[in-house]
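Only a predicted model underlies this, so the values are computations on that prediction, with no experimental measurement involved.
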Amino acid sequence: MEKKQTAVDWLVEQLMKGEFINSTDELIEQAKEMEKEQISDAHIEGQRVFDKHQHTQWTNDQAEQYYNQTYGD
């Protein structure tokens with residue numbers, strides 16, 4: 001599975017470059033949109049797992065495992 005970059009990691013990377021094509025306000029808005037999409041994706045994945053195992057709920061360990069598999073440690 002290809003590791004994705006979190007919205008925060010992306011924003012920090014852009015800010016550290018110091019060469020903004022866009023204004024910082026635009027970067028922040030783009031990071032917020034990325035975060036919204038990532039939260040939506042995580043919810044959908046969580047629902048898929050929950051539906052597959054109807055008598056269990058996601059635990060913090062499973063959520064952390066999803067995060068690490070998707071975005072890295």
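Within a 6.0 Å radius of CD in Glu37, other residues, nucleotides and ligands contribute 12 heavy atoms or fewer.
In plain terms, the two heavy atoms of Ala7 and Gln38 that are nearest each other are N-OE1, 3.2 Å.
The NZ atom of Lys32 sits 12.5 Å away from atom CG of Leu27, with the distance rounded to the nearest 0.5 Å. If you take CD on Glu13 and OG1 on Thr6, they are separated by 10.0 Å, rounding to the nearest 0.5 Å. Here the straight-line distance linking atom CD of Glu26 with atom CD of Gln14 works out to 12.5 Å at 0.5 Å rounding. Here the CD-CG distance, from Gln5 to Leu11, works out to 10.0 Å after rounding to the nearest 0.5 Å.
In this structure, the side chains of His43 and Ser40 stay at 4.5 Å or more apart for every pair of heavy atoms. Side-chain contact between Glu45 and Asp41: absent, with no pair of heavy atoms (C-beta onward) separated by less than 4.5 Å.
Of the possible polar contacts, none joining the Lys4 side chain to the Gln69 backbone as a donor-acceptor pair under 3.5 Å is found.
Ile39 and Tyr71 sit in two unconnected hydrophobic clusters of ILVMFWY residues. Membership requires side-chain heavy atoms under 4.5 Å apart, directly or through other members. In this structure, Tyr67 is not a member of the same hydrophobic cluster as Ile44, with clusters built from ILVMFWY side-chain heavy atoms closer than 4.5 Å.
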